[in-house]
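See structure below.
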Amino acid sequence: MNQNVKDYVTEKVKELMNAPSCCAEAKAAAQAWLDASGTAQEAEQTENLIKELEMDLVPIDGLIAFANSEAGAKVFGEDTAKNVAAHAIEIKSAGAKYCDCPACAAVAAILEKKDELL
């Protein structure tokens with residue numbers, strides 16, 4: 001991978017790790033990738049990171065369904081869940097395919113570079 005791509009992905013990986021909505025598994029995969037940078041483990045950790053991120057990126061319809069569910073109300077709180085659902089419906093109507101929270105936005109940006117990373 002060229003240095004510009006690596007620098008860009010490194011920045012996005014750090015954004016992901018700092019996002020309040022980043023899950024523990026994604027944080028661990030991101031840290032492992034950062035730790036492996038420039039080592040013999042880099043290719044393996046890149047593959048692990050991509051696999052984890054592909055599982056974590058939330059499709060917009062999944063976000064809408066979750067935010068409108070009882071489980072979503074428990075996670076977000078009832079009022080926030082309604083706001084999240086309304087926001088998700090709004091961005092879907094504008095063409096969004098995925099959640100736009102800080103973690104998902106960073107994941108989407110990283111996955112856009114997938115072919116250059118592998």
Side-chain angles (χ1 to χ4, degrees):
M1 101 183 67
N2 79 42
Q3 192 60 45
N4 288 338
V5 170
K6 190 170 187 175
D7 291 346
Y8 174 81
V9 171
T10 298
E11 177 184 325
K12 294 301 176 183
V13 164
K14 289 177 181 177
E15 286 178 22
L16 170 64
M17 293 175 67
N18 289 321
S21 50
C22 182
C23 69
E25 296 83 2
K27 275 187 186 180
Q31 187 62 59
W33 183 81
L34 289 172
D35 292 345
S37 182
T39 73
Q41 299 302 311
E42 184 172 356
E44 178 184 349
Q45 291 305 322
T46 298
E47 288 179 22
N48 291 342
L49 177 67
I50 297 298
K51 286 177 190 173
E52 179 63 37
L53 299 185
E54 287 176 336
M55 290 188 298
D56 292 344
L57 187 59
V58 178
I60 195 67
D61 289 331
L63 176 61
I64 293 167
F66 181 70
N68 281 320
S69 72
E70 189 176 311
K74 286 181 181 176
V75 168
F76 295 125
E78 199 169 310
D79 290 338
T80 301
K82 288 177 186 177
N83 292 337
V84 168
H87 172 73
I89 290 167
E90 180 182 328
I91 65 170
K92 180 182 178 180
S93 70
K97 294 181 181 183
Y98 300 102
C99 173
D100 67 345
C101 75
C104 285
V107 167
I110 294 164
L111 291 177
E112 284 177 10
K113 302 293 185 185
K114 175 182 172 180
D115 290 341
E116 297 169 76
L117 286 169
L118 298 175

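When side chains are defined from C-beta on, Asp35 does not count as touching Gln45, because their heavy atoms never get closer than 4.5 Å. Between Lys14 and Glu11, every side-chain heavy-atom pair lies at or beyond the 4.5 Å cut-off. Between Thr10 and Ser37, the closest side-chain pair of non-hydrogen atoms is not below 4.5 Å. Using a 4.5 Å cut-off on side-chain heavy atoms (C-beta onward), His87 and Asn83 make no contact.
Salt bridge Lys51/Glu54: absent, no basic N to carboxylate O contact under 4.0 Å. Taking the charged nitrogens against the carboxylate oxygens, Lys6 and Glu42 do have a contact shorter than 4.0 Å, which makes a salt bridge.
Residues Met17 and Leu57 are members of one and the same hydrophobic cluster, defined by side-chain heavy-atom contacts under 4.5 angstrom among Ile, Leu, Val, Met, Phe, Trp and Tyr. There is no path of hydrophobic side-chain contacts, each under 4.5 Å, that joins Leu63 to Leu111. A continuous path of hydrophobic side-chain contacts links Ile89 to Ile60 [ILVMFWY only; heavy atoms under 4.5 Å]. Val107 and Met55 fall into different hydrophobic clusters, where Ile, Leu, Val, Met, Phe, Trp and Tyr residues are linked whenever their side-chain heavy atoms come under 4.5 Å apart, directly or through other members. Taken together through direct or relayed side-chain contacts under 4.5 Å among Ile, Leu, Val, Met, Phe, Trp and Tyr, Val58 and Ile110 form parts of separate hydrophobic clusters.
Ala19 and Lys27 get closest at one heavy-atom pair: O-CE, 4.5 Å. When all heavy atoms of Asp56 and Ala26 are compared, the closest pair comes out as OD2-CB, 3.3 Å. Closest heavy-atom contact between Ser69 and Gly72: OG-N, 3.0 Å. Here the closest heavy-atom approach between residue Cys101 and residue Ser21 is recorded as SG-OG, 3.2 Å. The two residues Tyr98 and Pro59 have their closest heavy-atom pair at CD2-CA, 3.8 Å. Taking every heavy atom of both residues into account, Ala109 and Tyr8 meet most closely at CB-OH, 3.4 Å.
For the atom pair CD of Glu44 and OG1 of Thr39, the computed distance is 9.5 Å after rounding to the nearest 0.5 Å. A distance of 10.0 Å separates SG in Cys104 from CG in Leu53, rounded to the nearest 0.5 Å. Residue Gln31 holds its CD atom at 11.5 Å from CG of Leu49, rounded to the nearest 0.5 Å. A distance of 13.0 Å separates CD of Glu116 from OG1 of Thr46, quoted to the nearest 0.5 Å. The CH2 atom of Trp33 sits 6.5 Å away from the CG atom of Leu117 when rounded to the nearest 0.5 Å.
Between the side chains of Asp7 and Gln3, at least one donor-acceptor pair of N or O atoms lies under 3.5 Å.
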